[in-house]
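Take a look at the structure set out below.
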Protein chains: 2
Amino acid sequence: MSKDHISNNIRKLRFFKDEMTQQALADEIGVTRQTIVAIEKGKYSPTLEIAYRIAHVFEVELNEVFSYDHSKDKYKKRNQKK
Amino acid sequence: MSKDHISNNIRKLRFFKDEMTQQALADEIGVTRQTIVAIEKGKYSPTLEIAYRIAHVFEVELNEVFSYDHSKDKYKKRNQKK
DNA sequence: ACAATATGTAAAAAATTATATACATGAAGT
DNA sequence: ACTTCATGTATATAATTTTTTACATATTGT
């Protein structure tokens with residue numbers, strides 16, 4: 001499952017949010033700093049739960065934090081039977 | 001990490017979408033039916049990537065598929081020194 | 001009655017995400 | 001120069017998600 005479809009603005013949001021550090025964000029949502037680093041750098045797709053918690057800290061909607069680029073999707077397998 | 005914060009309308013959306021089956025949805029987004037069953041039943045929090053793909057199939061926004069209940073959040077750990 | 005389809009459940013394995021630990025660098029302040 | 005802090009990177013491990021396989025039940029159509 002490709003993982004470069006998702007981008008995020010966590011870094012910007014952290015700075016808008018009074019220059020919140022990675023550690024402070026991690027503490028707020030209850031994960032480790034490593035998790036924040038990895039997500040912020042787009043190393044993998046976080047779980048929906050963590051994504052929601054991040055958005056909640058910044059008081060924005062999920063799509064203001066993350067975006068998914070569907071143009072990078074692979075071709076759908078066409079097997080509509082009817 | 002608790003996992004009962006997230007609810008979803010996948011089942012309803014499948015039926016609105018011409019009574020799409022679990023298998024058809026799974027095929028569209030490129031996962032197995034088991035994954036759809038588990039997510040639909042709220043067994044765990046899917047990855048953000050799969051969440052986005054599901055929303056895309058139904059042509060709706062993510063928050064029309066999933067919702068996160070922040071009222072169930074645990075108390076934040078405040079001012080951890082380090 | 002029979003076959004085909006949709007869904008539910010389960011359990012082990014594979015794959016991915018998250019943690020823990022450690023060390024490096026650069027910036028800021030004293 | 002020294003210390004502190006924020007970030008980057010790496011690697012091993014733990015935990016969770018996803019797959020694979022299999023079987024059960026109910027429903028629908030022939």
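Here the structure is a predicted model, which is why all the values come from computation and not from measurement. Chain letters run A, B, ... following the sequence lines, proteins first, then strands; residues in each count from 1.
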B/D27 CG to D/dT19 P, straight-line distance once rounded to whole Å: 11 Å
Rounded distance (Å) that lies between atom C1' of C/dA6 and atom CZ of B/F15: 9 Å
Parallel, tilted or perpendicular: rings of B/Y68 and B/H5 (30°, 60°): parallel
Atom-pair distance (NZ on A/K43; P on D/dT7), nearest Å: 17 Å
Partners meeting side chain to side chain donor-acceptor pair (under 3.5 Å) with B/E64 (sequence neighbours left out): none
Counterpart residues, ring-ring contact (aromatic ring centres under 6.0 Å, His included), relative to B/F66 (two or more places apart): none
Side-chain N,O (A/R11) to OP1/OP2 (D/dA6) below 4.0 Å: no
Out of C/dT17, C/dT7, D/dT18, whichever nucleotide has its closest atom nearest the side chain of B/R14: C/dT7
Closest nucleotide among D/dT7, C/dT9, D/dT19 to the B/T32 side chain: D/dT19
NZ/NE/NH1/NH2 to OD/OE distance under 4.0 Å, A/E28 and A/R53: no
Candidate nucleotides D/dT19, C/dG8, C/dT19, ranked by approach to the side chain of A/T35 - the nearest: C/dT19
Atom-to-atom span, CD1 of B/I50 to C1' of C/dT17 - whole angstrom: 12 Å
Whole-Å distance separating the CD1 atom of A/I29 from the C1' atom of C/dT17: 13 Å
Separation of atom OH in A/Y44 from atom C1' in D/dT9, rounded to whole Å: 13 Å
Phosphate OP1/OP2 of C/dA18: any A/T47 side-chain N/O under 4.0 Å: yes
Results of side chain to side chain donor-acceptor pair (under 3.5 Å) for B/Q22 - residues two or more places apart only: B/R33
Reading 5' to 3' through nucleotides 21-30 of chain C, protein heavy-atom contacts under 4.0 Å coded B for base, S for sugar-phosphate only, - for none: BB--------
Protein-nucleotide distance (B/E19, atom CD; C/dT5, atom C1'), rounded to Å: 13 Å
Under-4.0 Å side-chain N/O to phosphate OP1/OP2 contact, A/K41 with D/dG8: yes
Counterpart residues, side chain to side chain donor-acceptor pair (under 3.5 Å), relative to A/E59 (two or more places apart): A/K17
Rounded distance in Å - CD1 (B/I39) to P (C/dT7): 15 Å
Candidate nucleotides C/dT17, D/dT7, C/dT9, ranked by approach to the side chain of A/Q22 - the nearest: D/dT7
Partner residues of A/N9 under the side chain to side chain donor-acceptor pair (under 3.5 Å) criterion, sequence neighbours left out: none
